[in-house]
Amino acid sequence: MDFTYEKAGSFTQALKLKAEYKEKGVFIAGGTDLLVDIRNNILEPEAVIDISDLDEINYIRQEDNQVKIGAMTRIAQIEKSSIVHSHAPILYKASKDFANPLINNMATLGGNLINASPAADMATPLLVLGAKVVLKSANGERVIPLEELFSGVRKTNHRSDELLAEISFNGAQGKKCEFLKLGQRNGTSISIASLSLLFDIAGGVIGDDLRLAVGSVAPVPLRARKTEGVLRGVEPSARNIKLAGDMLKCEVTPITDVRGTAEYRMEMVAALLLMAFQNLGYTTK
Amino acid sequence: MNDIGIDKQKQTFYVVGKRRDGVDEKAKAAGNIIYADDFSMAGMLHAKVFRSTKASAKIKSLDTSAAKNLPGVVSVITAEDIPNNRSVTSTVGQVADIGLVGAVQQFVLAEDRVRFYGEPIALIAAEDLDTAEEALKLIEIEYEELPGVFDPEEAMKDGAPSVHEGSNVVAHWELRRGDVDKAFEEADVVVENAYQTQFHEHAHIEPESGVAWIDDESMVNLRVATQVIEQYREIAHILGIPESKVRIRGTLIGGGFGGKEDLTVEPYIALLSWKIGRPVKLTYEREEMMFGRHKRHPYKMYYKHGATKDGKLVAMEARLISDSGAYVYLSSWVLLYSTVHSTGPYYIPNIKVDSYSVSTNNIYTSAFRGFGAMQMTVAYESQMDILAEKLKMDPAELRARNYLNRGDENGTGQRIESEVLLPKTYEAALKALGDRTEPKAPYIKVGRGIANSWQSYGRMCYLHDTSSAWVGMEMDGSAVVRCGIPDLGGGQRESLRQITAELTGVPLENIHVISTDSQVTPLAGTVTATRALLMSGSATKLAAEAIRYDLLQKASEMLEEKPENIDLYNGEAFVRGNKEKKIPLAKVVRAIKGEGNPLEALKTFHAPGAEPVRKALLKGQIFPDFTFGSQAVEVEVNTLTGKVNVTKMVGAFDVGKAINPKRVEGQIEGGMTQGLGYALMEEFVEDKGIPMTTNLTTYIIPTSKDIPDIQSIIMESNSGKGPFGAKGIGEVTIAATAPAVLNAIYDAVGVWIKRIPTTPEVVFRHLKEFQEKA
Amino acid sequence: MKEITVQINDERITGLVKSSTTLLQFLRDKGFTEVKKGCGEGECGACTVLLNGKAVTSCLVLAVQADGSEVVTVKKKDDQLLETLKEAFVKHEALQCGFCTPGIIMTARWLLSENPKPNREEIRDALSGNLCRCTGYLKIIDAIEYVTRAER
C-alpha cells in the first residue's frame, strides 16, 4: 500500500500540508511507531508528511528555571542532555530505559506523546513535572497542560490543524524522583506498568507538591491525584505507602492483554509505588 | 591403514583443540555471505503464501480468479494443481520407511479443510512483492467453522472433536522396568507433581527463504536455507518426478535450531517455478514465521518419584502428554526422545513411563533444539530438588547417589558407553557461582539453582544413519573437502576444516570446504540431532586419514624415515624432534600423484545401527551415546513485582574432545541463553487457536541486557564416539537452564514453580498464594 | 515514484523508489545485501546501518527520507576501526550463523564513535536493540571491549 510522501521544509509548510490532506495525511517524526502501524495495517494514510528534519522544533533549552524541549528532539538527545540531567533527572531515567539505542536515535519526544499510547514512557515523567505543551497552528498557538492532551487510547485533544511544537516544564532540581518501568524483560519492552514519582521532603514529611503518574493502567497516562492526596503532607512510612498503594489500585482501570492481566497490573502500581519509595531509601528497614 | 596406527601415531594436536579463527567467520564478519534471501536471478518472481485465518474449518469455497487477474500476477496455485499433495516427514534423509511415524497425512496445501490458523491454502507468484501482497488480499475464501480442540488432555477424551480421523492420540511410547507399584509401597519418601511447559518459537533471526529455478537441463534447482538437503526426495515426490531430477543447494543458514528442518519454502518455490518455468523466491515475513511455522511441543508432565531415606531412587512413574498441534510432523520422534530422556541421567531400578502426543487445532509442533529431551529436565530436575528438600539432603549429594555411570543401563536398557562426568560438572558449576551476591534492595531476594541435563547425540540407531565425505589434495598442497552437511552457524564446516588440517597437515586457510549440494557433495545427512560432528566429522576424519596414510608413506620414502616418526603440519611433512628433516607437502603430493594415485578419498561413516522400533515399549540401544552437563544460575527475584533477573550463569559440559574450544563455548553460551528465554519470557500464545503473540514485540527473546556474563566450563573425557573422542554439544546446552532457574527461585523465595515461563506475573501469583497460605 | 540519491559507503547510488519503500529495501535492491531483514519492524536490529553517522534500523526509515544522506554498512572500505572490529569478532568467535553480525558491527561502530572507551555495561546497553539468537552476546561484548583496549 503506497502513499504520497511530502517533506515539510518548515513548520509553516508542515501545517499547510496537513491542512491539505486533513485526516488522510499523517506526520512522520521518528517513524518508529508510524511505520510499524502502517506495516500492521493499523494506519493506511494517503500521505505521509515528514517533519523529522524540522530543526526549528529540535532543541533543549533552559530559560530561567524553565526547560523547553522541541517536539522533534530525539529520545537519544534527551538522554545525553546535561540540562535534562540537572533539571529533570526523572526524564533522563525514562529516556535511558525508553527502548534501545537504535530506536532512541530516531524516536522523538513529540512522536511519543502524540502517539498517545497508554504506555508512552515519556508521558508519566512529564506529567509529574507538570509539563505544558505548545500546540501551534497557522492561526496561532495555545498552551495546555500535558494532561489535557490525552483523551483516550491513542487519542489526543489537539485539533487536526495543530502541530505539537514544544514541551516545557519547570526544573525539578533537588526533588526526589523515581521512574520505574516493569517490562517482560530487561531489554526493549512495552511496559506492563510504569510509574513516575516526584516530591519534596522536609522534616521527614512529604511536601504538598508531590506528584504521581502511572502508565499502561488506564486509557491514558494517568496523574493519580487521589493517591497524591493520600501522600502529601505525611511521612513516607510503610503504613502510609500501603494506604497510598491501596488508593492507587482504585484509581487505575487496567485491561488484560498479551502482556498481563488487569488484576496483575492493578497490583503492580502499588508494588511500583513501594519500590519507588524503597529505592529512594524509605521504609527499607 | 592400521599398519601405522593412526590414533597412536598422532601424538600432538596442532589444529584440533585450538582456538583457531574460522574461514567462514571472516566472510561472515565482512558481510560477504550470500544468505538465502540475498540471492536473486534474472526474471525472478516473488511468491507469497495465502494462509488460513481459522483454526478449524471446512473450506466452503475458494476463488482465486481476482488474484490471478491482477496485473503482475503470473500464477496462483491451489491443492488441485499439485501432483502429490502430501508432504512426508517420516524418515528424513533415510531410505527405509520404518518407525511409528508417517501414517498421518500432511498436506502441501490445504484441500477441503484447515486445521490450524496459518495453514497454507494457496500460492501466488508475481513480478514483485507488492503485487504478490496485493494479490493475497484478492483471494476470496468462505469458511464453515468446525469445532476445534485446543488442549491435548481435552483432545484425548472421548467425544473430543477429531482433528484428523478417529483418535487424536498420534503417538505413544513406554518405558518399563521392574515393579513400580511395589517399589512405591516400599519407598520411604514419595514426591508427586505435575509440570507444564509452553509453545516455544525458534526465532532465528534469518527468515525461512529460498529460490527455485528450472535449469537448461530441466532440472528443478533450489537454493534454500535448510538443515536437510535430502529433502530433494520429498520435492521430487510432490512434483511427481524422479528424485534424480531435483537438486538442492543449501545456503549457510542464519540460525535454524530445528526451525529449518522440516520442509519450509521448498515445496512452494519448487511448485511455482516448475509450473511457470521462471525462478521464484519466497521469504517469510516475521509475522508468518510466528503464527505459521511450527513450535516446540508444550508438555504436561505428571511425575512421581520414590526414594529411600538414604536418597536412593527406587521408583519413577511418569505420564507425559505433548501437544502435537494440527499436524504430526516429527511429534512421534520428539515424544520418543522425551520418553527415553524422561528419567534424567539417573539410575532408577523401577520405571513406568507412558507418553502420548496428541493432535489439537493449535499450531503444529515439530523439531526444536532439545527435541523433547529438553522439556523433561524441567520435571526431573525439579523433582530431584524437591526430593532433596523432603529428605533434608544436599541436592548435590542426592544426585551423586543416583547418577548413571559408564556401564550402567538407562531406562531402555541401553548401556552407557562413555564417561558420565556429572558429579564433576555439577560441582564445577556450583563452585563457579562464587560468593552469593548481596541483594541490592530490600525487595530483592537472591537464590541459586543447579540442574543437570543429558541429551543424545547422533540420530536414533534404528535409522542406520550414515554420512559421507570426500577429501582430495591439490597439486600445490592445498586441499578440498566435499561434504553434504549443512551449516547452521555452529561451525559444522569449520570442524571439517580443522579435522582435515590436523590429519593432512594442510594449513587451515588452504582448505576449501564445499558443502551442502545434494548432487555435487557426498550426502552427509541432516544438521539435526547433534549429529553433525559425530557423523560428518567422522566421515571427514576417515577420508583425511586415508590421505594421511598415503602422505606419510611417501614422506617416509622421501625423508628416509619411518612413517611413525613423521608428522604433518603447516604445509610440511617433518620428522619429530628433527627440524632439519622436512619436506614441503606439495612435493609429497606431486610425487604421489605422479605415480597415478589421485590422492583423494571418499569415505562413509556408519553410526551404530539397531533393530527397527516397532513397538511402543522402548528397549535396547536407541541412541549412539549421550552428552552430560550441568548448569547453575543465580537469580534476583523482585518480591514486589515477581520479575526474575539472572545475575550469574555457568555451564559445565563434558564434550569428549573440543575440536575448537571457542566454538564449544559459543554453543554453551548460546544454548543457555536460548534456554533462559524459555525459562523466563518466551511463550507463543494462542487463544482457541488464534495467535496472540505474532511478532518480536509480543514474543520476546533475551537481549544483551537480559543475559549476564556466562561462564563456560569445558570438560573433556575423550570418551565420545565422535572424532578424537568428541561428543556432540549442540543441544544439551539449552536444556538445564529452565530447571536451574526454577530451583533458584525456590532458593530465593521458598516457592516451587512448576510451569514455565516464569514471567513476572506467574512468579507474583505464586508468591501471593504462598504468602496467603502462610 | 521518486528519484533519490544516497551515498552508500564509497558509492553514490541513485534509484527510483515508491514513497513507502524503506531504506532497507532500497539498500538490498541496490545490491547491499549485507544489510539484512529480520523482522521489518525495528525489533531485531539486523538491518542496522549508520545514517548520517547514527545507528538506526533501516527498516523504519523511508528511502525517500535518506535522499541526500550518507549510509554506511559493514562493507565500508578504508575504515580502520571497522576492520579492527571485524577482526575482533572473528578472533573472539563473536558470531555463529553471522546473520545478525553486520547489524551488530554497525551498532558497535556507532558506539565507539560516540564513546571510545565504553565499559562492559555500556557495551551491553548499546547492543540491546540487536537481537542475536546464537551467541548469548558474551563474546560480542568481549570482542568490542577488546577493541576498546586495543585502541588505547
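By convention in this document, chain letters (A, B, ...) are assigned in the order of the sequence lines, proteins followed by strands, and residues within each chain are numbered from 1. Hydrogens, waters and symmetry mates are skipped; everything else that's a heavy atom, side chains included, is used.
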**Message:** Centre-to-centre under 6.0 Å for B/Phe199 and B/Tyr699, is that the case here?
**Reply:** no
Taking [X] for its side chain and [Y] for its backbone only, find out whether a donor-acceptor pair lies under 3.5 Å.
| X | Y | answer |
| --- | --- | --- |
| B/Asn638 | B/Lys643 | no |
| B/Asp706 | A/Asn186 | yes |
| A/Asp257 | A/Gly260 | yes |

Engaged part of [X] at the chain A interface, taking heavy atoms whose separation is under 4.5 Å:
| X | answer |
| --- | --- |
| B/Asp130 | neither |
| B/Lys440 | neither |
| B/Thr641 | both |

**Asked** Between B/Glu285 and B/Lys48, is there a salt bridge with N-O shorter than 4.0 Å?
**Response** yes
**Request:** Answer yes or no: is there an ion pair linking B/Arg293 with B/Glu201, defined by an N-O contact shorter than 4.0 Å?
**Result:** no
**Fill in**
Looking only at B/Val644, B/Asn645, B/Thr639, the option with the highest number of non-hydrogen pairs under 4.5 Å against chain A is B/Asn645
**Residue, of B/Leu680, B/Ile701, B/Asp687, that accumulates the most heavy atom pairs under 4.5 Å with chain A** = B/Ile701
Side chain from CB out, backbone as N, CA, C, O: work out which of these in [X] comes under 4.5 Å of a heavy atom of chain B, or both, or neither.
| X | answer |
| --- | --- |
| A/Thr261 | both |
| A/Met275 | both |
| A/Asp2 | neither |
| A/Arg265 | neither |

**Prompt:** Of the listed residues (A/Arg39, A/Arg185, A/Arg259), which shares the most heavy-atom pairs with chain B below a 4.5 Å separation?
**Reply:** A/Arg185
**Message:** Using side-chain heavy atoms (C-beta onward) and a distance below 4.5 Å, is A/Leu243 in contact with A/Arg239?
**Reply:** yes
